[in-house]
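Okay, structure first, notes after.
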Amino acid sequence: MFRTLPKFEYFSPGTLEEALAFLRENGDRTRMLAGGTDLIPQMRWGEHRPEYVMSLGQAEGLDIMEFGEKTGLKLGAMCRIAQIEKSPLIKAHYPILSQAASVLGSKEIRNRATLGGNLCTAAPSADMPPSLLALEAKAVVATSKGERVVPLEEFFKGPKENCLGKDEILTRIEVPPVKPHSGGEYVKFGRRRAMEITMIGVAALLTLDPGDGSCTEARLALATAAPTPIRAKGAEKVLSGKEPDEEIISEAATIVVGECSPRSSWRTTEEYRKELIPVLVKRAIKRALEKVG
Ligand SMILES: Cc1cc2nc3c(=O)[nH]c(=O)nc-3n(C[C@H](O)[C@H](O)[C@H](O)COP(=O)(O)OP(=O)(O)OC[C@H]3O[C@@H](n4cnc5c(N)ncnc54)[C@H](O)[C@@H]3O)c2cc1C
């Protein structure tokens, strides 16, 4: 059924300072607009009825994409998912990120949707958070008092709930450099290949000792496995310091299930998600190992 948008006033600041000043006065009556692929449908369905919609599209500096071998990657909140998917720089240094971006929605959605929107929506099923959690990314938030930096793990507070105050804007994500001899994989499971909301998503990032092949560092993160995107630190410990053979991988995959609290929804049941988790964790770990360079 077609629903019209509720009435709102539109504001498009040209600078971040202007945007912050507007939020200081009107934050509790305003929703920020990035690509609009979440916000506009939510407004149509009456989930949000903001008095003001403030576009971030013209505010300078929110679409940066910078990389340094020592400093890592800085990705502006307004970077489009398609930019992340296609960037040669990201493909070379953070292939797990371009892979996650490539399975989000459809080409049309990826051309509009932004990284900031994907994180701020804070959907448990969002496709970008698991890879970014595995990369130990940080969120940089602009406030009227300056900047604050939040580890991405602390950014998500609940389903559709993030840590931002009403007068705060996510400006960029900072991702540390990936260690040598690392490989990463994001596995998204759904009923079909495109335009599918993730039933379970698993990101695995493993670093191996080139001498003895043991796992020096393991990071696992999941989507739709809990009320927020999560790291599976118990399973990471199982992998760390050991040679990741079939037995260790199976042990880690079993432990992940205990760290998750998936729920039943119209898409599928809690029980089915619990069956899927170890299968997908094993798949992600094995593919990540194949990619260790
Ligand atoms: C058909 C369809 C398919 C989809 N498929 C997928 C999928 O497969 N995987 C997936 O993860 N998502 C999917 N989505 C959801 C959506 O496309 C993504 O979450 C997208 O990344 C949201 O980005 P956006 O720029 O469109 O956000 P918007 O809709 O503009 O904003 C989303 C929310 O974040 C807030 N916000 C945005 N930017 C900032 C900022 N910088 N600071 C503070 N708050 C901010 C907004 O106020 C709003 O509340 C799909 C959506 C549609 C319509």
Side-chain angles (χ1 to χ4, degrees), residues 5 8 10-13 16 19-20 22-23 26-45 47-50 52-64 75-85 97 99-132 139-143 147-148 150 155-156 159-173 186 188-201 203 222-224 229 267:
L5 279 170
F8 59 86
Y10 180 77
F11 176 59
S12 180
L16 189 59
L20 287 168
F22 186 82
L23 288 181
N26 308 292
D28 51 351
R29 290 171 289 157
T30 303
R31 280 269 154 186
M32 280 171 259
L33 176 74
T37 60
D38 276 321
L39 182 65
I40 299 300
Q42 286 165 354
M43 285 174 63
R44 276 197 202 287
W45 286 100
E47 206 175 307
H48 300 304
R49 290 178 175 275
Y52 302 107
V53 168
M54 184 178 78
S55 168
L56 296 174
Q58 304 304 317
E60 283 169 12
L62 292 182
D63 57 355
I64 56 160
L75 270 183
M78 284 300 288
C79 282
R80 307 277 166 183
I81 300 298
Q83 280 177 278
I84 298 171
E85 175 191 5
L97 275 188
Q99 193 196 3
S102 73
V103 294
L104 189 152
S106 63
K107 199 173 182 179
E108 294 76 8
I109 293 291
R110 294 195 289 276
N111 281 338
R112 279 220 63 79
T114 64
L115 177 63
N118 195 247
L119 300 176
C120 292
T121 288
S125 60
D127 279 308
M128 296 311 289
S131 307
L132 286 166
V140 180
V141 178
T143 76
E147 264 184 7
R148 68 185 179 103
V150 186
F155 186 83
F156 308 105
K160 298 194 179 175
E161 217 182 297
N162 63 42
C163 71
L164 300 182
K166 294 282 181 204
D167 57 349
E168 294 185 324
I169 301 174
L170 174 68
T171 53
R172 66 179 182 277
I173 295 297
Y186 178 60
K188 167 172 178 157
F189 188 87
R191 279 179 214 273
R192 51 186 190 200
R193 288 198 180 166
M195 292 290 269
E196 177 67 342
I197 298 300
T198 301
M199 222 181 259
I200 289 289
L222 292 95
T224 334
R267 263 189 200 95

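Sequential numbering from 1 along the given sequence is applied to the chain's residues. Atoms within each ligand, like the ligands themselves, are counted from 1 in listed order. Just so you know, these numbers use all the heavy atoms, side chains as well, and skip hydrogens, waters and symmetry mates.
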Check your understanding: For ligand 1, which atoms, with element, lie under 4.0 Å from some heavy atom of Leu56?
Key -> 38 (N), 39 (C), 40 (C), 41 (N)
Practice item. Kindly indicate, with the supporting measurements, whether the criterion side-chain contact (heavy atoms from CB on, under 4.5 Å) is fulfilled by Phe155 and Leu170. Key: CA-CA 10 Å; Phe155 186 83; Leu170 174 68; 4.2 Å; yes
Review point. Going by distance only, is there an N or O of Arg112 that falls short of 3.5 Å from an N or O of ligand 1?
Key: no
Review point. Hey, does the side chain of Asp38 reach the backbone of Thr121 with a donor-acceptor pair shorter than 3.5 angstrom?
Key: no
Practice item. Compute the shortest N/O to N/O distance between Gln42 and ligand 1 and return yes if it is under 3.5 Å, no if not. Key: no
Review point. Do any nitrogen or oxygen atoms of Gly105 lie less than 3.5 angstrom from nitrogen or oxygen atoms of ligand 1?
Key: yes
**Study point:** ligand 1 versus Lys188: contacting region, heavy-atom distance under 4.0 Å
**Key:** side chain
Exercise for review: Specify the protein heavy atom at minimum distance from atom 27 (O) of ligand 1: its residue, its atom name, and the distance to 0.1 Å.
Suggested key: Gly117 CA, 3.3 Å
Exercise for review: Write out the residue and atom name of the closest protein heavy atom to atom 11 (O) of ligand 1, then the distance separating them to 0.1 Å.
Suggested key: Asp127 N, 2.8 Å
Check your understanding: Which of the atoms of ligand 1 are close to Arg31, meaning less than 4.0 Å from one of its heavy atoms?
Key -> 49 (O)
Study note, to complete from the structure: atom 34 (O) of ligand 1 has as its nearest protein heavy atom Cys120 CB, 3.3 Å
Practice item. Output the distance between atom CE (Met199) and atom CZ (Arg191), rounded to the nearest 0.5 Å. Key: 4.0 Å
Review point. What is the closest protein heavy atom to atom 51 (C) of ligand 1, and at what distance does it sit?
Key: Thr37 O, 4.1 Å
Review point. Considering only the protein, which heavy-atom contact is closest to atom 41 (N) of ligand 1, and what is its distance?
Key: Leu170 O, 2.9 Å
Exercise for review: Output the list of atoms in ligand 1 that are nearer than 4.0 Å to some heavy atom of Ala126, sorted by atom number.
Suggested key: 11 (O)
Exercise for review: To the nearest 0.5 angstrom, please state how far the CG atom of Leu23 sits from the CD1 atom of Ile169.
Suggested key: 5.0 Å
Review point. Do the side chains of Arg112 and Ile81 get nearer than 4.5 Å, heavy atoms only?
Key: no
Revision key, fill the gap. closest protein heavy atom to atom 1 (C) of ligand 1 is Met195 CE, 3.4 Å
Practice item. Please indicate whether Gln58 has more than 12 foreign heavy atoms, meaning atoms of other residues, nucleotides or ligands, lying under 6.0 Å from its CD. Key: no
Revision key, fill the gap. Restricting to heavy atoms, the pick from Gly36, Ala19, Ala223 nearest atom 28 (P) of ligand 1 would be Gly36
Practice item. List the closest protein heavy-atom neighbour of atom 50 (C) of ligand 1: residue, atom name, distance to the nearest 0.1 Å. Key: Ile109 CG2, 4.3 Å
Review point. Out of curiosity, Tyr186 OH to Leu132 CG, how far, rounded to the nearest 0.5 Å?
Key: 11.0 Å
Exercise for review: Using a strict 4.0 Å cut-off to heavy atoms of Glu196, name the atoms of ligand 1 that fall inside it.
Suggested key: 8 (O)
Exercise for review: Write out the residue and atom name of the closest protein heavy atom to atom 24 (P) of ligand 1, then the distance separating them to 0.1 Å.
Suggested key: Gly35 N, 3.5 Å
Check your understanding: More than 12 foreign heavy atoms under 6.0 Å from CD of Glu60: is that the case here?
Key -> no
Check your understanding: Looking at Glu85 and Lys107, does any basic side-chain N land under 4.0 Å from a carboxylate oxygen?
Key -> no
Check your understanding: How does Ile40 reach ligand 1, if at all, at less than 4.0 Å between non-hydrogen atoms: by side chain, backbone, both, or neither?
Key -> neither
Point to revise | Name of the residue among Tyr10, Phe22, Phe8 meeting ring pair (Phe, Tyr, Trp, His ring centres under 6.0 Å) with Tyr52 | key: Phe22
Exercise for review: Would you tell me which option among Ser106, Ser55, Ala113, Ala34 has the nearest heavy-atom contact to atom 20 (C) of ligand 1?
Suggested key: Ala113
Review point. Hey, does the side chain of Ser125 reach the backbone of Thr198 with a donor-acceptor pair shorter than 3.5 angstrom?
Key: no
